[in-house]
> 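Quick one: the structure is below, and I'll ask about it shortly.
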Amino acid sequence: MTALKIAEHRSHVTMSSREISKLTKKEHKNVIRDIWEMLEDLYGITKDGSNLSHKKNQTVTLVDGVDITVDSRGYVSSFRLDKPHVECLLTGYSAVLRMTVIRHIYSLEEKISKRALPVNYKEALLALVQSETEKDLISAERDEAVETKAWIGEKREATAMATASAAVREKNKLAEKIGESKKHAAIIPVEKKTGKEFKWQPLRKWCREHGVLPKEVEDKRFGTVKSWPRDAWLAVYGVELRKLF
């Protein structure tokens with residue numbers, strides 16, 4: 001594994017995995033999973049091969065452009081990526097999610113470009129306060145209370161969706177279940193039905209090799225997601241959609 005070093009405060013645009021999670025409305029644990037998969041593809045760095053027990057409660061640089069925050073248990077609680085790594089991560093996301101994050105990056109870059117060097121004591125003091133505030137925000141990401149708060153928010157959202165009005169639920173039953181049919185299915189509905197986790201990359205590979213395009217379907221949480229064809233599910237994972245839906 002690449003030698004780790006204590007991460008320095010960066011002045012260029014970066015984004016944390018929690019920011020990406022909030023913008024894309026993907027669960028933070030899934031964003032973490034996507035980043036680990038990207039790092040394995042780029043650098044051969046795997047989650048299981050990372051021994052971070054000696055870096056507890058620190059923010060360290062994993063590779064240039066990728067900082068990790070290690071919690072008190074020695075686990076990675078969050079990532080902070082530079083712009084190239086954020087854009088690389090987004091290639092696996094839908095166009096709607098990519099645009100949401102890219103607009104946020106441009107907004108951050110615009111704010112940085114407008115910052116001017118302090119010309120007097122008052123401006124210098126304000127700049128110092130702003131800088132220290134940003135450092136505190138980054139450090140706070142390793143606070144386990146943040147993880148707890150995020151979990152509570154997810155539970156509240158799930159509860160709100162479960163208690164939706166009877167009229168809306170009845171309307172949804174009359175419509176075709178998007179991403180949950182016998183011909184096409186998205187990842188999450190199949191995971192819920194089988195109790196297993198699946199990666200989308202093998203499904204995409206199968207589709208490309210066979211000249212088949214997956215469907216782009218609406219999703220309340222992510223905007224849009226890919227709905228993969230029945231033949232791809234059967235060939236790659238041995239999952240028969242006709243038995244699930």
Side-chain angles (χ1 to χ4, degrees), residues 17-18 20-50 66 75-79 81 85-101 150-151 154-155 157-158 161-162 169 172-245:
S17 52
R18 296 187 189 282
I20 296 172
S21 172
K22 182 178 180 180
L23 287 168
T24 61
K25 293 182 173 57
K26 290 173 67 78
E27 290 187 25
H28 186 239
K29 64 179 181 180
N30 292 334
V31 174
I32 291 286
R33 178 196 63 195
D34 294 342
I35 294 175
W36 276 121
E37 291 179 354
M38 175 186 71
L39 294 177
E40 182 176 2
D41 289 342
L42 292 175
Y43 309 112
I45 299 175
T46 62
K47 179 180 179 181
D48 295 335
S50 304
V66 179
Y75 297 146
V76 174
S77 60
S78 65
F79 283 87
L81 309 178
H85 284 95
V86 172
E87 292 178 339
C88 182
L89 177 68
L90 294 178
T91 57
Y93 291 3
S94 70
V96 173
L97 300 187
R98 290 200 301 271
M99 182 58 70
T100 300
V101 177
W151 179 82
E154 292 167 4
K155 292 291 288 184
E157 181 181 358
M161 293 176 63
R169 290 198 300 269
N172 291 339
K173 288 180 181 179
L174 297 176
E176 179 182 2
K177 292 184 178 180
I178 297 177
E180 299 181 23
S181 72
K182 297 181 183 295
K183 295 181 179 180
H184 289 78
I187 294 288
I188 291 180
V190 176
E191 288 182 338
K192 288 181 177 179
K193 286 286 187 179
T194 62
K196 300 178 181 179
E197 291 188 358
F198 300 97
K199 293 184 178 181
W200 54 267
Q201 289 91 339
L203 295 170
R204 182 182 64 179
K205 180 180 178 182
W206 186 94
C207 288
R208 288 179 174 178
E209 291 175 349
H210 292 78
V212 179
L213 293 176
K215 289 187 176 182
E216 194 86 16
V217 298
E218 294 182 0
D219 187 275
K220 291 183 178 179
R221 290 159 296 184
F222 307 141
T224 60
V225 295
K226 292 288 192 302
S227 185
W228 306 98
R230 168 182 169 270
D231 290 343
W233 278 108
L234 189 60
V236 176
Y237 291 116
V239 173
E240 175 55 82
L241 298 184
R242 292 174 180 174
K243 296 181 180 179
L244 294 181
F245 304 108

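Only this structure's heavy atoms are used, side chains among them; waters, hydrogens and symmetry mates stay out.
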> Using modelled atom types only, decide if a donor and an acceptor are shared between the side chain of Thr224 and the backbone of Val217 within a distance under 3.5 Å.
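Between the backbone of Val217 and the side chain of Thr224 there is no qualifying donor-acceptor contact (under 3.5 Å).
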> Atom NZ of residue position Lys192 - does it have more than 12 heavy atoms of other residues, nucleotides or ligands inside 6.0 Å?
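No, because the 6.0 Å sphere around NZ of Lys192 holds 12 heavy atoms or fewer from other groups.
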> Would you give the length of the straight line joining atom CG of Leu81 to atom CD1 of Ile35, rounded to the nearest 0.5 angstrom?
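Output value for this atom pair is 4.5 Å.
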> If you measure from CG on Leu39 to NZ on Lys47, what distance do you get to the nearest 0.5 Å?
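With rounding to 0.5 Å, CG (Leu39) is 12.5 Å from NZ (Lys47).
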> Show me the side-chain donor-acceptor pairs of residues 234-243 shorter than 3.5 Å, one per line, residues at least two apart or across chains.
unit_1: Tyr237; atom_1: OH; unit_2: Lys199; atom_2: N; d: 3.2
unit_1: Tyr237; atom_1: OH; unit_2: Lys199; atom_2: O; d: 2.7
unit_1: Glu240; atom_1: OE1; unit_2: Arg230; atom_2: NH2; d: 3.1
unit_1: Glu240; atom_1: OE2; unit_2: Arg230; atom_2: NE; d: 2.8
unit_1: Glu240; atom_1: OE2; unit_2: Arg242; atom_2: N; d: 3.1

> How many angstroms lie between OH in Tyr93 and CG in Leu23, if you round to the nearest 0.5 Å?
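Nearest 0.5 Å value for the OH-CG distance: 11.0 Å.
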> Please determine whether side chain to side chain contact (heavy atoms under 4.5 Å, CB included) holds for the pair Trp228 and Arg204, giving the CA-CA distance in whole Å, both sets of side-chain angles, and the decisive distance to 0.1 Å.
CA-CA 8 Å; Trp228 306 98; Arg204 182 182 64 179; 3.7 Å; yes
> Mind checking side-chain contact (heavy atoms from CB on, under 4.5 Å) for Asn30 and listing every partner two or more places apart, or none if nothing turns up?
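In terms of side-chain contact (heavy atoms from CB on, under 4.5 Å), with neighbours along the sequence ignored, Asn30 is linked to Glu27, Arg33.
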> Please name all residues satisfying salt bridge (charged side-chain N to carboxylate O under 4.0 Å, His left out) with Glu216, sequence neighbours left out, ordered by chain then number.
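Only Lys226 meet the salt bridge (charged side-chain N to carboxylate O under 4.0 Å, His left out) criterion with Glu216.
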> Working to the nearest 0.5 angstrom, can you tell me the gap between Lys29 NZ and Asp34 CG?
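Here the rounded value is 12.5 Å.
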> Would the distance check show the side chain of Arg18 and the main-chain N or O of His28 forming a donor-acceptor pair, the cut-off being under 3.5 Å?
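Not at all, since once roles are kept as given, no pair shorter than 3.5 Å links the two residues.
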> Got a donor-acceptor contact below 3.5 angstrom from the Thr100 side chain to the Val96 backbone?
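Yes; at least one donor-acceptor contact below 3.5 Å.
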> Not counting sequence neighbours, which residues clear side-chain contact (heavy atoms from CB on, under 4.5 Å) with Lys205? List them please.
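Lys205: side-chain contact (heavy atoms from CB on, under 4.5 Å) contacts with Glu209.
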> Could you check whether the rings of Phe79 and Trp36 sit parallel, tilted or perpendicular, using 30° and 60° as the cut-offs?
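Phe79 and Trp36: perpendicular rings.
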> Go through the steps to decide whether Leu203 and Ile187 satisfy the test side chain to side chain contact (heavy atoms under 4.5 Å, CB included), and finish with yes or no.
CA-CA 10 Å; Leu203 295 170; Ile187 294 288; 3.6 Å; yes
> If you apply the rule side chain to side chain contact (heavy atoms under 4.5 Å, CB included), what do you find for Leu97 with Leu90, and how did you get there?
CA-CA 8 Å; Leu97 300 187; Leu90 294 178; 5.9 Å; no
> Between Asp231 and Trp206, is any pair of side-chain heavy atoms under 4.5 Å apart?
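Heavy-atom side-chain distance check passes, below 4.5 Å.
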> Closest heavy-atom contact between Pro229 and Val212?
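Answer, listing the atom of Pro229 first, then Val212: CG-CG1, 3.9 Å.
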> If the condition is side-chain hydrogen bond (donor to acceptor under 3.5 Å, both in side chains), which residues does Glu37 pass it with, not counting sequence neighbours?
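Only Gln201 meet the side-chain hydrogen bond (donor to acceptor under 3.5 Å, both in side chains) criterion with Glu37.
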> Grab the two heavy atoms, one from Ile32 and one from Ser78, that are nearest each other, plus how far apart they are.
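In this case the closest contact between Ile32 and Ser78 is CD1-CA, 4.0 Å.
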> If I compare all heavy atoms of Ala186 with all of Ser227, which pair ends up nearest, and what's the gap?
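In this case the closest contact between Ala186 and Ser227 is N-OG, 3.7 Å.
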